[in-house]
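Position 1 is the first residue of the sequence, and the numbers go up from there. These figures come from a predicted structure and were not determined experimentally.
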Amino acid sequence: MDTSFGSKDNLPSFTQSSPRDHGRTVLNLVFQAAEIFSGMEEQLRETEARAQSMCKSAEQRVRLAEKSIEVAERARREIVNDAGRKLQDASKALTNAQARIVAAEDKVTALEIRAQSAEAQLHEAKQALLQVEEAIRERLLSEKRSSIETQHDLASPRENG
């Protein structure tokens, strides 16, 4: 813009000039005004071009940001889905492990009952064995006494004879 527009030096003095000069002066003023308006229009076009460039740049940044958000959201969903699958797998594994523990506890209980039963049978077998041993001992002793008495009876008549 022309900074000299508002100065007193550029303003024509109508009082000192002739009427013919008035027309030329007005024409000069119109040309100056046209130049000023032309400069203003050029500045306006430049400002508008910068504004459009800034808008396009901002629009591109927004699109990039939206794409980044979409990528991040997709990654978040994948992580959540993966975590959900892993949690389900862990839950199934825990349920299976608990079932195996219960089955193992049932087996241990059954084995303990069998062991107690075997111990009871062993005790009964020992008692029966002791009774058999006692019966054998009594019989052997009884036969030995009988044999000794028979030998003693046989030996006694010789001594008397």
Side-chain angles (χ1 to χ4, degrees), residues 1-140:
M1 249 171 45
D2 190 15
T3 57
S4 61
F5 175 69
S7 68
K8 290 183 180 182
D9 295 335
N10 287 346
L11 291 178
S13 173
F14 289 108
T15 55
Q16 297 174 356
S17 55
S18 68
R20 212 185 326 161
D21 289 336
H22 290 306
R24 223 180 291 156
T25 303
V26 168
L27 191 57
N28 281 337
L29 287 175
V30 168
F31 284 136
Q32 286 178 1
E35 283 181 29
I36 290 172
F37 284 129
S38 178
M40 289 172 62
E41 284 177 343
E42 181 61 30
Q43 283 183 336
L44 182 61
R45 279 191 291 271
E46 289 173 3
T47 303
E48 185 178 359
R50 279 194 307 267
Q52 286 178 352
S53 175
M54 289 170 54
C55 283
K56 284 181 183 178
S57 176
E59 185 180 340
Q60 288 174 348
R61 287 193 307 262
V62 166
R63 274 193 235 125
L64 285 173
E66 286 173 346
K67 285 181 183 178
S68 294
I69 288 170
E70 287 174 15
V71 167
E73 183 62 25
R74 209 173 307 123
R76 185 197 63 81
R77 279 192 302 268
E78 287 176 12
I79 290 170
V80 167
N81 290 340
D82 189 42
R85 282 190 299 274
K86 287 180 180 179
L87 185 59
Q88 283 181 335
D89 292 345
S91 178
K92 286 178 186 177
L94 179 61
T95 301
N96 290 339
Q98 287 173 334
R100 286 193 308 269
I101 288 170
V102 168
E105 286 174 346
D106 290 345
K107 282 183 181 179
V108 167
T109 302
L111 289 173
E112 286 175 347
I113 291 171
R114 285 177 57 192
Q116 288 173 353
S117 174
E119 285 177 1
Q121 289 175 354
L122 177 63
H123 181 68
E124 289 173 9
K126 282 183 179 179
Q127 291 299 321
L129 184 60
L130 286 174
Q131 289 174 352
V132 168
E133 284 179 358
E134 187 61 33
I136 290 172
R137 212 178 273 122
E138 284 180 17
R139 182 162 181 141
L140 286 176

Undergrad: Could you work out, with salt bridge (charged side-chain N to carboxylate O under 4.0 Å, His left out) as the rule, every residue matching Arg100, not counting sequence neighbours?
TA: none
Undergrad: I'd like to know if the side chain of Ser117 reaches the main chain of Ile113, judged simply by a donor and an acceptor atom lying under 3.5 Å from each other, with no hydrogens or angles considered.
TA: no
Undergrad: Quick test of your reading: applying side-chain hydrogen bond (donor to acceptor under 3.5 Å, both in side chains), list the pairs with at least one residue in residues 49-67, sequence neighbours left out, ordered by first then second residue.
TA: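 Residue pairs with at least one partner in residues 49-67: Thr47-Arg50, Ser57-Arg61, Glu59-Arg63.
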Undergrad: For Glu42, which residues count as a side chain to side chain donor-acceptor pair (under 3.5 Å) partner, sequence neighbours excluded?
TA: Arg45
Undergrad: Enter the distance from Arg24:CZ to Asn28:CG here, rounded to the nearest 0.5 Å.
TA: 8.5 Å
Undergrad: Scan residues 118-139 for pairs that pass side-chain hydrogen bond (donor to acceptor under 3.5 Å, both in side chains), counting only residues two or more places apart or in two chains.
TA: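 Found Glu134-Arg137, Arg139-Glu143.
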Undergrad: Tell me, please, which residues at least two apart from Leu27 pass side-chain contact (heavy atoms from CB on, under 4.5 Å).
TA: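 side-chain contact (heavy atoms from CB on, under 4.5 Å) list for Leu27, sorted by chain: Phe31.
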Undergrad: Per the salt bridge (charged side-chain N to carboxylate O under 4.0 Å, His left out) rule, what does the pair list look like for residues 74-88, sequence neighbours excluded?
TA: Glu73-Arg76, Glu73-Arg77, Asp82-Arg85, Asp82-Lys86
Undergrad: Counting only pairs under 3.5 Å, give me each side-chain donor-acceptor contact of residues 90-97, with atom names and distances, residues two or more places apart or in other chains.
TA:
residue, atom, partner, partner atom, Å
Thr95, OG1, Ser91, O, 2.9
Asn96, ND2, Lys92, O, 3.4

